[in-house]
Each structure stands twice: as structure tokens, then as C-alpha cells.
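Working notes, beginning with the structure itself.
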Amino acid sequence: MQPPPLATIHATLTPAQISLDAVDGEYAPLRVEATLDAMAPAGAIPKFIFDSNIFEKVSETQNGDTFALDLRLKTDARLAQTQGSIQFRLCATSACQQTFPGSSVSTPFSVKVDIAETTAPGRNERGANYVGLQINDPQTFQKLWELPISSYSFKGFSTYHGLTFVSGSDATEHWIVAIDIATGVQRWRQTVPRVTDTFVRDVAVSGGLVFLDVFAQFGPTPDDDVYAFDALTGDLRYQTTRTPDLEILPADGAIYERSSDFVSGTRIDTVVSRNPATGLIDWTKMYVGITGNLAVDRASIYRTEDRDLAIYHRNDGSVDHRLVGDPNLADDASALGGVVSLTSLGEAVTLSLGRVSLFDLQVDALRWSNAHSTDFPVVAPAVANGKIFLCDTGGIVTWIDHASGEKSTVSKFVGAANAPICLSLLATRNLLFASGPFQTVALDINNDLNQLWSYDATSIIAIAPEGVLLVGEAGFDFVGRNRRDLTKIVAYKVAD
């Protein structure tokens, strides 16, 4: 006997077509909704089908006759341009060999990733140094809002789903606020008691949580803690004892803490990996040398070790292997820690021991190494339009050819005589934003770094995915060269 015919259930997908021009997976999740023209019959099995090499599922929900799938791009999807479709089926069997008529629909998508120009966020010391946005004519930059605010030792912005976060301290409490990037309106504010001589560092976001780092300037105290709040609501999720020198890599949902000490005359860094959802320690490892920053992808952790690039297994911190840098460069165990950034071409750019080097992670080899004058603090490089942008000691911005490693003769001074350094370096498709002790400038990366715009104040900058430039005006400690006390945030609409 033939089975009875299935009822006709028509479904539509929203959006009808998806076009993503993206550089990473840190944009808000992509939502695809399937709406039926009637309630799904009993026993019907809804099923979304998508390419798991490109997307990963965030969640899948149902509300009446509407089914929703939240996806995000995989951060390691190294794709120049990809097309395909996301399908929705209302299946009559678990194997989906039979579907209800009209219920099997698809929506085409295309994803374009600027391979040669991309550094993924969270793979640097301070998030992405490349933003996949075409910046508008600087003459049309629109000031959205200005917010006076006081924050001790501000080092940079963290953003999440239209919010940015700032922390600070009063006489009796530490505080953290979430600010709407579009309007400058405070969305939520939380406080924790300040019962000893403690301070807070700048905050960071990981796995949908925002972390408030409380530390003692002159040694550990019982109040050295990390507080994890829900980034959207401000609800406290947990509190855990901190390790000195907390470092958070926001793009990957990872938390790494580190502390440095001398053991038998050798500088040793202790790195602790925590689960951001629970605060529990996953593993602890000790590495030789000073860690300037950690870079991560889904499988590995990268750090500079003198001239070399060390690679570790992310699941337990054990050594995977080591790529040898410039053989003509002697190791220097007393050198300041270098920085490493990953590009979506499967490369690592390192700044260490006065050299900038490009490692090809696909073949595990050094591609080239070139002299580069660096000093503390080191700003991670920015990669765009086939160029690797750097800031030399002296506050001079220049670039190196990505393919050949040849250094350009073009440069731009953004430092100051008594503080010759860069504070921020951020590349977009057409402009390079750089900030120094007294100004932030927008430089034309296709026209010899010609200056097109400036903001005349010491500032730390970030560009949110919403096309908003955040300028944190901060007083600068010219002696310590590291402390920056935030006094004001100014937001400009710079991209559509």
C-alpha cells in the first residue's frame, strides 16, 4: 500500500539572498528564518542544511510556524570567494528521504573574504588590525556623540553587538559600563567593591562575556579577581581569582592569563588557559622568554621566542613545533617580547629583535625577514592592499611589501619628540588610521600615506563593524610610556 500523500506546506526563507563581505567570524551571527504557510504537521522534522566548512551553528530555534537558524562564519575559513546555498527542509523521516511538498527551499549566499588583506580579530594583542570596511571620504565623517568619562590606564576598546565597554574606579568601588556605539547612551553599569589598593585594567570580551580585571599595583591582594558579566545584559556570571598580567583574546572565546618571573636568571612566562564560560582552568604551562602577545587559531597558539615562532597545541598548551627565524640573527633572551599577528592566508607576521618576519604556516617556513626598529610598547602590524604597515621606533609609520619583504621609502611621522611611538595602528580597505601621543591621523594607503584627516589629541582608536570610529582621548604618561588615563570618547560615522 502506498503511504498517504503529504500535505503541501509552503515555506519561504528570509533573507532571500545572502551576500557577505567579511573578514572574520566576529560579526553578529547571520540569521536565516524559514516561515511556513501553516503550522508544521505532527511528526515533521525541520532541518537546515549548510556548508559546515564555511559556517558554524550558533543556535536553532522555533517559534510557532517560524524556524530560525543562527550561523557565523568560521574564523579559519580561508576563502577568497565562495557561493552556495542554505537549505531548509520539513522532513517526514529522520533521514529526510521524503519532505513535505513545497517545504524544501533554499537561499543562495556568497561570501567574499579579502584574503591578502586580512588579519583576524583576536589574533593580535588588541583585536583586529584590519577592518573589512571601505571608509567614506573623510570630509564626510559625521560626529555622532561625545562622552566625558574617566578610566585609569586605558589600553583599548572592546566591542560586541553594538556595544563598547569601559571600566574605571572610584574611592569605594570599581565599575564597568556598556555604551551604545550608535548613540553613546549607557546600556548598563555594574560595580564591585574596592576594599584594598586595587585598580582595573581595560576590559575585553570573549564568548559573549565581558571581563572586568581587578588587580593590585603593588603585589597580590585578596581582591585580585576577574569578574565575568553577560555582555548584553550586564548580569554577573561568575567571579574568579586572577593571575597577574591577564591577557584575553576576544575573537576566539579564549582566556589566557600570564605572569612573568625570573627562574635561575632566565625569564619565564607562565600561561594559564581558562574556559571563559566557567572561569575554570583548562591548563597551565611555563614558557621561556617574555611573551609580547599570544595569537591563536582554532588548533594552535603562536608566540615569538626571540627570532623564532613557537607553535603550541591549543587544547593543552604543549609544544607542537618551532619555526626558525632569520638565521643571521642571534637569540637574545633579555629582549622585550615580540608580537605576532595571523593573516587569513595562513601566515604569521612577527615583530621581534628589531626584525619583521613573515612565516608561511602552510609549508612551515620563513618567507622573508627585514630590519625593523621597534621599542616598547610595540603596536601589532596591520595588513591591507598587499602591504604590511608598521610603526617604527620614532613614531614613524611605514610599510613593507607583503610579497617581497622590501621596505618602502614612504613614511609618515605620528609620534612626538618626547614620546616617539605609536599608540594605535588600524588598516581598512582604503585608509590607515594611526595614533600617536598628540594626534590621530587617517592616511591614504593607495597614495603615499597622504594625510586626509586628523584628530588633535592623544587617543586610542577602534572601528566597530557598524562603521563607527571610536576615539578614546587619553592623557599619556611620558615617563612610563604605558599608562593612558581615558578622559573622553568621541564617535564618528566613517563607513556605511
Side-chain angles (χ1 to χ4, degrees), residues 23 114-121 123-135 138 292-293 295 304 309 325-326 338-360 366-375 377-415 420-436 439-454 461-463 469 494:
V23 297
D114 290 324
I115 288 293
E117 305 173 5
T118 302
T119 47
R123 294 173 172 175
N124 303 336
E125 188 174 37
R126 174 48 54 193
N129 275 28
Y130 173 79
V131 176
L133 294 175
Q134 179 78 18
I135 303 300
N293 80 320
T304 59
L309 177 67
D326 188 341
V339 297
V340 56
S341 299
L342 303 182
T343 79
S344 62
L345 272 179
E347 303 163 327
V349 182
T350 65
L351 294 176
S352 183
L353 297 178
R355 307 289 292 185
V356 56
S357 303
L358 183 68
F359 293 89
D360 190 330
L366 174 69
R367 187 179 299 172
W368 51 257
S369 183
N370 203 333
H372 172 62
S373 178
T374 59
D375 197 3
V378 177
V379 177
V383 185
N385 285 16
K387 302 171 183 177
I388 299 175
F389 295 95
L390 310 163
C391 192
D392 280 329
T393 298
I396 299 174
V397 176
T398 187
W399 55 268
I400 289 180
D401 185 88
H402 179 272
S404 67
E406 294 183 5
K407 194 170 184 176
S408 170
T409 58
V410 175
S411 63
K412 175 68 178 180
F413 178 68
V414 299
I421 62 170
C422 290
L423 301 179
S424 304
L425 196 62
L426 186 66
T428 68
R429 291 185 177 180
N430 55 322
L431 298 182
L432 179 73
F433 289 85
S435 66
Q439 63 176 341
T440 291
V441 296
L443 309 175
D444 189 342
I445 64 177
N446 299 310
N447 187 20
D448 293 339
L449 299 180
N450 182 36
Q451 181 174 319
L452 302 179
W453 179 85
S454 67
I461 58 174
I463 297 180
L469 170 67
V494 298

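Keep in mind the model is a prediction, meaning the values are calculated, not measured.
In this structure, the side-chain contact (heavy atoms from CB on, under 4.5 Å) partners of Ala442, at least two apart in sequence or on a different chain, are Leu431, Phe433, Trp453. In this structure, the side chain to side chain donor-acceptor pair (under 3.5 Å) partners of Asp401, at least two apart in sequence or on a different chain, are Ser404. Every residue two or more places apart in sequence or in another chain was checked for a side chain to side chain donor-acceptor pair (under 3.5 Å) with Asn450, and none qualifies.
Rounding to the nearest 0.5 Å gives a distance of 13.5 Å between NZ of Lys387 and NE2 of His402. To the nearest 0.5 Å, atom CG of residue Asn430 and atom CG of residue Leu443 are 11.5 Å apart. Distance CG/Leu452 to CG/Asn447: 8.0 Å, rounded to 0.5 Å. Distance check: Lys407 NZ to Asn370 CG gives 6.5 Å after rounding to the nearest 0.5 Å. Taking SG of Cys391 as the reference point, atom CG of Leu425 lies at 6.5 Å (rounded to 0.5 Å). The OG atom of Ser411 lies 8.0 Å from the CG atom of Leu449; values are rounded to the nearest 0.5 Å.
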*Evaluate the side chain to side chain contact (heavy atoms under 4.5 Å, CB included) criterion for residues Val356 and Leu390: first the C-alpha distance (whole Å), next the side-chain angles of each, then the deciding distance (0.1 Å), finally the verdict.*
CA-CA 9 Å; Val356 56; Leu390 310 163; 4.1 Å; yes

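Side-chain atoms of Leu432 and Val397, non-hydrogen and from C-beta on, do get closer than 4.5 Å to each other. The shortest side-chain heavy-atom distance between Ser357 and Leu366 falls under the 4.5 Å cut-off. Contact of the Ile463 side chain with the Thr428 side chain is registered, since non-hydrogen atoms from C-beta on lie closer than 4.5 Å.
The closest donor-acceptor contact from the side chain of Arg367 to the backbone of Phe359 lies at 3.5 Å or more, if one exists at all. No donor-acceptor pair closer than 3.5 Å links the side chain of Thr350 to the backbone N or O of Thr304. With hydrogens and angles ignored, the 3.5 Å screen pairs no side-chain donor or acceptor of Ser408 with any backbone N or O of Trp399.
Minimum interatomic distance between Ala434 and Ile461 (heavy atoms only, all atoms of both residues): N-CD1, 4.4 Å. Of all heavy-atom pairs spanning Pro381 and Leu351, the tightest one is CD-CD1, 3.8 Å.
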